[in-house]
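Excluded from the calculations below are hydrogen atoms, water molecules and symmetry mates; all remaining heavy atoms, backbone and side chain alike, are included. Since this is a predicted model, take the numbers as computed values, not measurements.
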Number of protein chains: 2
Amino acid sequence: MTSQDTAGWAGQLHAQDRRVTRQRLAVLAAVEQSPHATAEAVLAAARSELPQLTLQSVYVVLSDLTTWGMLRRIEPPNSPARYETRIGDNHHHAVCTGCGRIEDVDCAVGHAPCLTPSSSTMTIRIADVLYQGVCTDCADAGVASLPAPLP
Amino acid sequence: MTSQDTAGWAGQLHAQDRRVTRQRLAVLAAVEQSPHATAEAVLAAARSELPQLTLQSVYVVLSDLTTWGMLRRIEPPNSPARYETRIGDNHHHAVCTGCGRIEDVDCAVGHAPCLTPSSSTMTIRIADVLYQGVCTDCADAGVASLPAPLP
DNA sequence: CACTTATTTTGAACAACTCATAATAAAGCG
DNA sequence: CGCTTTATTATGAGTTGTTCAAAATAAGTG
Ligand SMILES: [Mn+2]
Ligand SMILES: [Mn+2]
Ligand SMILES: [Zn+2]
Ligand SMILES: [Zn+2]
C-alpha cells in the first residue's frame with residue numbers, strides 16, 4: 001500500500017512488459033494489505049480507491065498476476081481461492097476447521113525438503129501443504145465442528 | 001468390487017447405524033475400482049450396475065461416506081473434487097501439471113511427521129500435501145504446460 | 001406384510017469462476 | 001502534447017461443480 005510497494009510493483013510489471021494500471025496496483029495493494037484474501041475481499045478493498053472496479057476485472061487481474069508469479073493462489077477446502085503477495089518461499093498454510101482462519105506456516109522440515117517426496121514418477125515443482133486443525137480461539141470456545149466460511 | 005469388499009462395506013455401514021443401500025455400495029465399488037474418481041466418473045461407473053442412479057444422489061452419497069470416514073475427498077487445483085477408499089494413512093498426492101494425472105505419494109518424511117509443522121497456534125489434525133510437477137510421460141512428450149482435465 | 005423414516009430422486013438454485021465482445025486507457029511516437 | 005496502437009478492463013452472459021427443498025422410494029423393524 002506504500003508508494004515503496006507501488007513503485008516496486010510497477011517495476012516488476014514493466015520488467016514483464018506489462019502495463020502498469022490502476023487496477024493492477026489496487027489489487028496488489030489489497031492483497032498485500034490482507035493476505036489470503038478472496039476475489040470478493042480484494043474487490044471490496046480495492047473499490048475504496050477504484051470505485052468502478054468490477055469483480056470480473058479482479059478475476060482477470062488476479063489470474064494474470066498469479067501467472068506472472070507476482071501473486072500466489074491457494075485453494076483451501078470449502079473456500080473460494082485466496083491470494084497472497086508472499087511468494088517464492090514455499091511456505092504452507094494451516095486452516096482452522098472451526099472458524100476457517102488461515103495461518104502461514106513455514107516449511108515443516110526446514111529447507112524445502114518437502115520437494116523430495118518418498119517416491120513418485122513425477123518431477124516435483126511445488127509442494128503445497130495444507131494443514132487442517134483447530135485454532136486456539138476455537139479450542140477455547142469448544143468449537144471443533146465443520147469448516148465455516150470466513151466473514 | 002468383490003463380494004468381500006461389499007460385505008465389509010455393509011458391515012461398516014451397519015456399524016454406523018446407516019442403511020445398506022445399492023447406491024452406497026455402487027459408489028463405494030466405483031471409487032474402490034478407480035481411485036481419485038470425480039463425482040461424474042463415479043456416476044458413469046456406478047450406472048453400469050444401477051442405471052437409474054442420478055448425479056445428485058452420487059453427490060450426497062459421496063458427501064455422507066466422506067463425513068463418516070469411509071471415503072476421503074481431495075480437491076486438486078483445476079479439478080473437481082476426487083474421492084478414494086484409501087483412508088487413514090495420511091498419504092499425499094502428486095498431480096501432473098501437464099496432463100492432470102494424480103498419483104499417490106506416501107508421507108514424504110516417513111511416519112507422519114508432517115503433522116508437526118514448525119510453528120502454529122493450531123492443533124493440527126490433517127496434513128494434506130499436494131505435490132505438483134510433470135510426470136514422466138509428459139516430460140518425454142515435452143509437455144510442461146498448464147493442467148488439463150483428465151479424460 | 002405394514003410401518004416408519006432414512007435415503008434417493010426430482011427439479012431448481014447457487015457460488016465461483018470463465019468467456020466473448022465492446023469500451024477504455026497505457027505506452028510509444030511524431 | 002495530441003494521435004495511434006493494442007493491451008487491458010468493463011459489460012453481459014454462460015459454465016461448471018455443487019447444494020438445496022420437496023416429493024417419491026425403499027431399508028430396516030416388528
Ligand atoms: Mn500464506
Ligand atoms: Mn490417494
Ligand atoms: Zn478457529
Ligand atoms: Zn503428465
> With respect to the phosphate group of dA26(C), does any side-chain polar atom (N or O) of His14(A) fall under 4.0 Å of OP1 or OP2?
Replying inline: no
> Has Arg19(A) got a side-chain N or O lying under 4.0 Å from the OP1 or OP2 atom of dA25(C)?
Replying inline: no
> Quick one: do Ile87(A) and Trp68(A) end up in the same hydrophobic cluster if we chain Ile, Leu, Val, Met, Phe, Trp and Tyr together by side-chain heavy atoms under 4.5 Å apart?
Replying inline: no
> Donor-acceptor pair, Thr66(B) side chain versus Leu62(B) backbone, under 3.5 Å?
Replying inline: yes
>> Does a side-chain N or O of Gln23(B) approach OP1 or OP2 of dT9(C) to a distance below 4.0 Å, or not?
In response: yes
>> If you assign Pro80(B) and Gln56(A) each to the DNA chain D nucleotide with the nearest heavy atom, which residue ends up on the more 5' nucleotide?
In response: Gln56(A)
> What does Ala81(B) touch in the nucleic acid at a heavy-atom separation under 4.0 angstrom: a base, only the sugar-phosphate, or nothing?
Replying inline: sugar-phosphate
> Quick one: is dT7(C) close enough that its OP1 or OP2 comes under 4.0 Å of any side-chain N or O from Arg18(B)?
Replying inline: yes
> Can you tell me how far C1' of dT7(C) sits from CD of Gln52(B), to the nearest Å?
Replying inline: 13 Å
>> I'd like to know if Arg18(A) and Asp64(A) make a salt bridge, using a cut-off of under 4.0 Å between side-chain N and carboxylate O.
In response: no
> Is there a side-chain polar atom (N or O) of Thr54(A) under 4.0 Å from OP1 or OP2 of dT9(D)?
Replying inline: no
>> I want to check one thing: is the phosphate of dT8(C), taken as OP1 and OP2, less than 4.0 Å away from some side-chain N or O of Thr21(B)?
In response: yes
> What is the distance from OH of Tyr59(A) to P of dT9(D), rounded to the nearest Å?
Replying inline: 16 Å
>> For Ala26(A) versus Leu50(A), what's the shortest heavy-atom pair and its separation?
In response: CB-CD2, 4.2 Å
> Expressed in angstrom and rounded to an integer, what is the separation of Leu50(A) atom CG from dA26(C) atom P?
Replying inline: 10 Å
> Just wondering, are more than 12 heavy atoms of other shown residues or ligands nearer than 6.0 Å to CD in Gln16(A)?
Replying inline: yes
>> What is the distance, to the nearest angstrom, from the CG atom on Leu43(A) to the C1' atom on dA15(C)?
In response: 15 Å
> Leu53(A) CG to dT11(D) C1': how many Å, rounded?
Replying inline: 13 Å
> Between Arg73(B) (CZ) and dT19(D) (P), how many Å, whole number?
Replying inline: 6 Å
> Atom CZ of Arg22(B) to atom C1' of dA26(D): distance rounded to whole Å?
Replying inline: 11 Å
> What integer distance in Å separates Asp17(B):CG from dT5(C):P?
Replying inline: 15 Å
> Starting at the 5' end of DNA chain D and moving along, which residue's nearest nucleotide shows up first, Val58(A) or Ser79(B)?
Replying inline: Val58(A)
